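One structure is given below, encoded as structure tokens.
Source: prediction; values computed, not measured. Every chain is numbered from 1, with letters handed out A, B, ... down the list of sequences.
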Amino acid sequence: MGEIFVVVEHRDGELREITQQMLWKANELCQSLSNTLTAVIIGGKDEPFIQELTERADRVIVVEDERLKDFNGDYYKEILYRLIQERHPLLTMIGHTPWGMDFGPPLSIKTGFPIATDCVDILVEDGRLKAVRQIYTGKLFSKVSFKESDGYLITVRSGAFPPDKAGEHKGEVIKQEMPADLPEVGKEFIAFEEAAAGEVDITQADLLVSIGRGIGEEDNVAIAKELADMMGGVLSCSRPVVDKNWLPKYHQVGTSGKSVKPKVYLALGISGAFQHVAGISGAGTIIAVNKDKKAPIFRVADYGVVDDLFKIVDALKERLAA
Amino acid sequence: MDIVVCVKRVPLTQEVDLEIDPQKKEVRKDMLAYSINEWDNYAIEEAVLLKEKFGGDVTAVTVGVEDDEEVLRRCLAMGADRAIRVEPGDLSLDPFVISRILAEVIKGVKHDLVLTGVQADDVNDGAVGTMLAEHLGLNHAAVVTRVEPEGNEATIHIELEGGTDEVSKIKFPALLSIQTGINEPRYVSIMGIRKAAKKELKVVKVEELGLSEDDLTPWVSVDEVFLPPETEGAEIIEGDPGTVAEEILRIIKEKGVST
Ligand SMILES: Cc1cc2nc3c(=O)[nH]c(=O)nc-3n(C[C@H](O)[C@H](O)[C@H](O)COP(=O)(O)OP(=O)(O)OC[C@H]3O[C@@H](n4cnc5c(N)ncnc54)[C@H](O)[C@@H]3O)c2cc1C
């Protein structure tokens, strides 16, 4: 009976949501594969969530050291490599987050275990693990299989699985010291830096008029702003609009921007990449306008309009002015 | 500071009805337009900016077919000094194989810094960059939004979720995967591309690299690609723009927002 590892992602003494989601899927897989679930915490001394995790896993391995208080992918890679050598888990699950992207692929090379990244599902077919991914920014799905190996790695997309509820496990806690002979790390954490607050707070708006790359050029941003004002709403946007400096960062919706919860979210020319739609899961009603009827945004929207956004914006303005 | 930048040419798939090829392993690409991967465009710009400030050479590398040289010429026009294309023949490529090939090429090029994009817009793996770092034994960081070199190290910003950055120091030689928005990529004119035609563009056949069969065997392979299930999704509002606008305003009002 093999193990499934879930690498616990945490920050400032708190579990990240992706951890609960991985535990949900790992618990399901353990049932169909008769494996046992091991949560691996790499962190500072006495992280406050150890107890909580014992209810959700068969065992909790804790590697603790003050040097591990702040995330460092190099330490994660080295420590996980040794744990994998020692315990031979069939599968190691890692969040497809900036941190998981840092140490997941290198860990694959170091262990020789194949990795599938950014997976939205994990399947067992004829006793073999398969992963489902999205390609072309969510326009297509792809089912992948691994070369034969003693173990596999998968990074999991945020939001792909529901959060795990407190379970009946009574996991044992196995505390381990940080190995003494770790190589020197090449990267040193200095500080976290939070984005400065902006002139508007898109998280408080009831109505967001949100523009994406479909807005075309900088001058067109004013057209959307005018509409937002006429509607009594607030202007927000997807990442490319901020990347091009057409709007300040505090307008950005998504994983690297803000999570919003308006009553209505009107998406104009946004394709619906997961990093964007992760930020609108709290929206009441989503209305999307996009020229491309196959745009992934239509899969999460409540209402869709397949048309040129400028035509719709003009028509909205006409009606509002009348 | 000598910099190697890894770039990829990708199909543009927004506003396109993608068709799946008969083998169900890929989309049909014959009708698609191509461009430099968005993330790589920021990576090459960052390399050129660093070169302009600190001196050194910039080499752009791609693993791809002859048509992919288009993105290398673009890199040369932006300010790269030379370019290398590795011809993969009919090899199957996955992040492992691509990173293994890139590592072998980059070993032969002087570098203090290797830059890649965070991910490519087609397969969205986000894996090649940091795998490459491991093959080369380089220090690395993923999702980088600022690079400020100082002597043999750099202060970098790593983008986390929700607008939080992690500020770290990293020692050279290092590999950074570059996030969009880090700079404003310069405009490339046809003239610029023509002028850069004089710069060196070397083509290497993958067989010349001396890699083993294991090195060139994918670790992950596609069983099948498929369209998302049709059942889920939005209720489509039909009609001319005027009718649609009225319906949108009605929905907004119904949801308790006053306009
Ligand atoms: C680590 C990481 C973090 C990220 N964080 C975020 C984030 O926080 N927020 C975010 O948004 N993205 C984020 N991204 C980027 C994300 O992956 C996508 O690249 C991005 O969301 C695409 O933005 P878009 O939909 O505006 O542009 P595109 O994907 O280019 O889509 C533009 C859409 O506009 C449509 N269109 C074009 N013209 C018109 C017209 N005239 N009328 C109607 N429709 C039109 C097109 O059909 C297309 O669907 C992140 C990526 C990474 C790797």
Report task. Measure the spacing between CD1 of A:Ile297 and OG1 of A:Thr137 and express it to the nearest 0.5 Å. Result -> 12.5 Å
Report task. With a 4.5 angstrom heavy-atom cut-off, could you sort out which part of B:Ile20 is near chain A: side chain, backbone, both or neither? Result -> side chain
**Report entry** Part of B:Glu184 within contact of chain A (heavy atom distance under 4.5 Å)
**Finding:** side chain
Requested in this report: Under 4.5 Å heavy-atom distance to chain B, tell me which part of A:Lys293 shows up: side chain, backbone, both or neither.
Outcome: side chain
Requested in this report: Taking the side chain as every heavy atom from C-beta outward, state whether A:Ile115 and B:Met131 have any pair of such atoms under 4.5 Å apart.
Outcome: yes
Query raised in the report: How long is the gap from NZ on A:Lys130 to CD on B:Glu224, to the nearest 0.5 Å?
Result: 9.5 Å
**Report entry** Close side-chain approach of A:Val313 and A:Val209, heavy atoms under 4.5 Å
**Finding:** no
**Report entry** Side chain / backbone / both / neither for B:Val222 at chain A, heavy atoms under 4.5 Å
**Finding:** both
Query raised in the report: Within a strict 4.5 Å, meaning less than it, do heavy atoms of the A:Phe298 and A:Asn290 side chains meet?
Result: yes
**Report entry** Contact winner vs chain A - B:Leu132, B:Asn124, B:Val225, heavy-atom pairs under 4.5 Å
**Finding:** B:Asn124
Requested in this report: Please state whether the side chain, the backbone, both or neither of A:Lys110 comes within less than 4.5 Å of a heavy atom of chain B.
Outcome: both
**Report entry** Trace of the side-chain hydrogen bond (donor to acceptor under 3.5 Å, both in side chains) decision for B:Ser99 with B:His135
**Finding:** CA-CA 8 Å; B:Ser99 62; B:His135 291 304; 3.0 Å; yes
**Report entry** A:Pro98 and B:Glu161, any side-chain heavy atoms less than 4.5 Å apart
**Finding:** yes
Requested in this report: Could you please spell out the steps behind the side-chain hydrogen bond (donor to acceptor under 3.5 Å, both in side chains) verdict for B:Gln14 and A:Arg213?
Outcome: CA-CA 10 Å; B:Gln14 301 303 340; A:Arg213 204 196 312 262; over 6 Å; no
Report task. State, yes or no, whether a side-chain contact exists between A:Val242 and A:Cys237 at a heavy-atom distance under 4.5 Å. Result -> yes
Query raised in the report: By number, which residues in residues 27-34 of chain B have some heavy atom less than 4.5 Å away from chain A?
Result: B:Val27, B:Lys29
Query raised in the report: Under the criterion salt bridge (charged side-chain N to carboxylate O under 4.0 Å, His left out), which of A:Asp74, A:Asp70, A:Asp102 is the partner of A:Lys187?
Result: A:Asp102
Requested in this report: Please flag which part of B:Phe226 lies under 4.5 Å from any non-hydrogen atom of chain A: side chain, backbone, both or neither.
Outcome: both
Query raised in the report: Is it the backbone or the side chain of B:Glu26 that comes under 4.5 Å from a heavy atom of chain A, or both, or neither?
Result: side chain
Query raised in the report: By a 4.5 Å heavy-atom criterion (distance strictly below it), what part of B:Asn139 contacts chain A: side chain, backbone, both, or neither?
Result: side chain
Query raised in the report: Got A:Ile154 and A:Phe146 here, is their nearest side-chain heavy-atom distance under 4.5 Å?
Result: yes
Query raised in the report: If you measure from CD1 on A:Ile109 to NZ on A:Lys77, what distance do you get to the nearest 0.5 Å?
Result: 10.5 Å
**Report entry** Atom group of A:Lys311 that falls short of 4.5 Å from chain B, counting heavy atoms
**Finding:** both
Query raised in the report: From A:Met231 CE over to B:Leu249 CG, what is the distance, rounded to the nearest 0.5 angstrom?
Result: 5.0 Å
Requested in this report: Tell me, out of B:Val257, B:Thr155, B:Leu138, who's got the most heavy-atom pairs with chain A below 4.5 Å.
Outcome: B:Val257
Report summary line: Cut-off 4.5 Å, heavy atoms of chain A, and the answer for B:Pro218 is backbone
**Report entry** Distance in Å, A:Ile18 CD1 paired with A:Glu9 CD, rounded so as to fall on 0.5 Å steps
**Finding:** 7.0 Å
Query raised in the report: Less than 4.0 Å between a side-chain N and a carboxylate O, is that true for B:Arg250 and B:Glu246?
Result: no
Query raised in the report: Would A:Asp118 and A:Arg157 count as a salt bridge (charged side-chain N to carboxylate O under 4.0 Å, His left out) if you check the C-alpha gap in whole Å, the side-chain angles of each, and the deciding distance to 0.1 Å?
Result: CA-CA 5 Å; A:Asp118 192 15; A:Arg157 170 178 295 188; 3.0 Å; yes
Query raised in the report: Does the pair B:Lys8/B:Asp40 count as a salt bridge with the N-to-O cut at 4.0 Å?
Result: no
Report task. Check whether A:Glu148 gets within reach of chain B through its side chain, its backbone, both or neither, counting any heavy atom under 4.5 Å. Result -> neither
**Report entry** Sorted by number, residues from residues 141-154 of chain B in contact with chain A (heavy atoms, under 4.5 Å)
**Finding:** B:Ala141, B:Ala142, B:Val143
Report summary line: Nearest heavy-atom approach of A:Leu140 to A:Tyr136 is CD1-CD1, 4.2 Å
Requested in this report: For this output row, return yes or no: ring centroids of A:Phe71 and A:Tyr76 closer than 6.0 angstrom.
Outcome: yes
Query raised in the report: Under 4.0 Å between a Lys/Arg side-chain N and an Asp/Glu carboxylate O for B:Lys255 and A:Asp302?
Result: no
Requested in this report: Output yes when A:Arg239 and B:Glu38 qualify as a salt bridge under the 4.0 Å nitrogen-oxygen rule, no when they do not.
Outcome: no
Query raised in the report: Is it true that a side-chain atom of A:Asp126 and a backbone atom of A:Arg128 form a donor plus acceptor pair closer than 3.5 Å?
Result: no
Report summary line: Greatest number of non-hydrogen atom pairs under 4.5 angstrom with chain B, of A:Gly279, A:Ser271, A:Gly232, falls to A:Ser271
Query raised in the report: Does anything in residues 244-254 of chain A get under 4.5 Å of chain B by heavy atoms, and if so which residues?
Result: A:Asn245, A:Lys249
Query raised in the report: Which region of B:Ile237, side chain (C-beta onward) or backbone (N, CA, C, O), has a non-hydrogen atom less than 4.5 Å from a non-hydrogen atom of chain A, or is it both or neither?
Result: both
Query - CD/A:Glu14: more than 12 non-hydrogen atoms of other groups inside 6.0 Å - result: no
Report summary line: Output for pair (A:Leu268 CG, A:Leu316 CG), nearest 0.5 Å, gives 8.5 Å
Query - B:Asp125/A:Arg133 ion pair, N-O < 4.0 Å - result: yes
Requested in this report: Please tell me if the side chains of B:Ser221 and B:Asp94 come closer than 4.5 Å, counting only heavy atoms from C-beta onward.
Outcome: no
Query raised in the report: Between B:Ala127 and chain A, which part of the residue has a heavy atom less than 4.5 Å away: side chain, backbone, both or neither?
Result: both
Query raised in the report: So which residues of residues 166-175 of chain B are in contact with chain A at a heavy-atom cut-off of under 4.5 Å?
Result: B:Glu166, B:Val167, B:Ser168, B:Lys169, B:Ile170, B:Lys171
Requested in this report: Using a cut-off of under 4.5 Å on heavy-atom pairs, state which of B:Asn183, B:Ile182, B:Asp122 scores highest against chain A.
Outcome: B:Asp122
Query - Closest-packed option against chain A by number of heavy-atom pairs under 4.5 Å, given B:Val123, B:Leu160, B:Val220, B:Thr13 - result: B:Leu160
Query raised in the report: Is the NZ or CZ atom of A:Arg11 both under 6.0 Å from the centre of the six-membered ring of A:Trp99 and within 45° of that ring's axis?
Result: yes
Requested in this report: Pick whichever of B:Thr243, B:Leu227, B:Thr164 has the most heavy-atom pairs under 4.5 Å with chain A.
Outcome: B:Thr164
Requested in this report: Measure B:Val128 against the heavy atoms of chain A and call it side chain, backbone, both or neither at under 4.5 Å.
Outcome: neither
Requested in this report: Might you confirm whether atom NZ of B:Lys25 has over 12 heavy atoms from other residues, nucleotides or ligands at distances under 6.0 Å?
Outcome: yes
Report task. Heavy atoms only, distances under 4.5 angstrom: which of B:Glu238, B:Arg100, B:Gln119, B:Glu235 has the most pairs with chain A? Name it, please. Result -> B:Glu235
Report task. Below 4.5 Å from any heavy atom of chain B, which atoms of A:Ala295 appear? Answer side chain, backbone, both or neither. Result -> neither
Query raised in the report: Which region of A:Thr285, side chain (C-beta onward) or backbone (N, CA, C, O), has a non-hydrogen atom less than 4.5 Å from a non-hydrogen atom of chain B, or is it both or neither?
Result: side chain
